[in-house]
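Values below: every heavy atom of this structure, side chains too, minus hydrogens, waters and symmetry copies.
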Amino acid sequence: MKQISTVIVGAGQAGLAMSKCLADRSIAHVVIERGEVANSWSHERWDSLKLLTPNWQTRLPGFAYAGSDSDGFMSMPQIVSHLQFYAQKITAPIEERTTVLSATAHGTGYCVQTSRGNWYCDNLVIASGACAQVRQPQFAQSIPNHITQLTPLNYRNPSQLGPGGVLVVGASATGVQLALEMNAAGHKVILAAGQHIRVPRQYRGFDIQWWMDRTGVLDMGLDEVDDPNRARRVPSLQLIGSKARPIMDLNALQADGVEIVGRLAGIRDGRALFSGSLTNHCALSDLKMNRLLDGFDDWAAAHKLENIAAPHRHAATSVSSNPRLQYDLNTGSIGTIVWATGYQPNFSWLQLPVFDSKGRLQHDSGVVAPGLYVLGLPFLRRRKSALLDGVGGDAEALADHLTLHATTHAA
Amino acid sequence: MTHANTNEGVIDNGVNTEALIGARCAFAETPEAAAFTFRSTCDWVDGTESINSINGYFGLGQDHERKQTFKIASDHPEVFAAKDSAPTPPEIVLAALASCLTGGVAAVAQHRGIQLRGVKAIVEGDVDVRGILGMDPDIRNGFGAVRVRFEIDADASDADIRALVAQSQKRSAVFDLITNPTNVHVDVA
């Protein structure tokens, strides 16, 4: 049995940022990691993936990108070595290859059972990631057996694909990137698009993230949104970590030959049924994009940004007047379905009454319960909470809370 | 009930947004109260003519009776060798879609502080009747396409008006049930 003030679960950017913040506050802690530092980035992402945020936007507590390509996008090996370097720099006390089996209440603290013994702690920080599992619809079970089902967690590259077409379900960052790649590899690709957030990579000569960062969009807090639950469900921006195209959207995919259909609404008798709401989802997306860009233009005018490119609007999303409403999966022409339907964390090891009726972890700006914290979830405290660039600020705030709480306890 | 408001600066589309927001809060606390069941009872009259009676519904954990029973009759036009005493069922569906989206526009406009002066929705649905006559298995019974055109007079920009219409579709019950599959269970007593 080992006793320590704080146990951090997960040695990704969130766990490392928290480790740095606790070290700065002289709080004894250990970071438990099932694999190695940045394990999900090494093992649960596809080969061609690059970060959606530019290199300058990888600011972690006490550590920022120092390379020569600040506008570039890190590949997976690059982000892994970036985080490994950070872990060494801050001498994070990491127990690698140690799986957390459960966390339970123990006195006023917690007991963390791992594959290499138990830890007793006053504070527990959950930093195990927002993307541990793919959120798949129930009807995935009704997909005919001859179709291979892939998720972004087990897809690596197009060589994995059998013959035939691919149905990519979901048109956020993951869906558009995989549709692009699979189409380029010579497969017929159908992309089922529900709610999606269309944004250009570049706007008026700057990266979209530059605009979101400078205008304060990313700093937006929970008190500035109507409905935190809704803000936390907003899908990822339809982006790719590449400057090759100014915008990577449904129009670009259609120009490449990808067929766009409505949201996959169900499977009936082996037929995929697509929603007739595609036109509206595209209209909503176009309206939202233009509203965002209007905001940037207003900000640029108010801040007297001169010598920058003129405002520009992209053509409305082009939607077929009669998009396909169903596809017979029994014909064999579709060989693979890819679920790009979003991610969710895996808190199955957390054996505490901290979940709502839908199984979501309940927390107040990252504070789950006395001494129990979570980091790295969408809109945990701010719009940027789930970004590499946002987790540091949250870690600082939660480390402050933890320190204050620990002091109160001792007194 | 008039929605014209004489107080300058006060947006009134006749929608009680506060009550709706209150309901959201209440349903967050007790989600079971949000389970509603709507009903209609349809009596055959003669030929293709029938009349629906709509009154009771279940919601907020209990059955509700209204002060009056609403009647919706349906029939078919003379070209179908019917009496044309009432609209066809597909026309009632189009009407339901139009009413659902129009009500939604008013509610969203109220929430967004947009004063409406007039809203008209013109709905069309294309049907190839060879489907219902069983003449061609490749032709569906239902609408091949449905089009809705809104004419909205409001104190708002074109983009804001389009956003109202888009948001109304996003939250519409009838839009959902026309655009997405629904399991329908038909039984005989």
Task: Engaged part of L278(A) at the chain B interface, taking heavy atoms whose separation is under 4.5 Å - done: neither

- [ ] Would you mind checking which part of A145(B) comes under 4.5 Å of any heavy atom in chain A, side chain (CB onward), backbone (N, CA, C, O), both or neither?
- [x] neither

Open item on the list: If the condition is side chain to side chain contact (heavy atoms under 4.5 Å, CB included), which residues does F58(B) pass it with, not counting sequence neighbours?
Closed with: T37(B), R39(B), D63(B)

Open item on the list: Test: ring-ring contact (aromatic ring centres under 6.0 Å, His included). Region: residues 121-176 of chain B. Which pairs qualify, not counting sequence neighbours?
Closed with: none

TODO: Can you check whether anything in residues 75-94 of chain B gets within less than 4.5 Å of chain A, heavy-atom wise, and list it by number?
DONE: none

TODO: Considering non-hydrogen atoms only, spot the tightest contact between L287(A) and A166(B) and give its length.
DONE: CD1-CB, 4.0 Å

Just by distance, which donor-acceptor pairs between chain B and chain A come in under 3.5 Å?
unit_1	atom_1	unit_2	atom_2	d
R24(B)	NH2	D227(A)	OD2	2.5
A166(B)	O	N280(A)	ND2	3.1
Q169(B)	NE2	N280(A)	OD1	3.0
T179(B)	O	G276(A)	N	2.9
N180(B)	OD1	S275(A)	OG	2.7
T182(B)	O	R268(A)	NH2	3.4

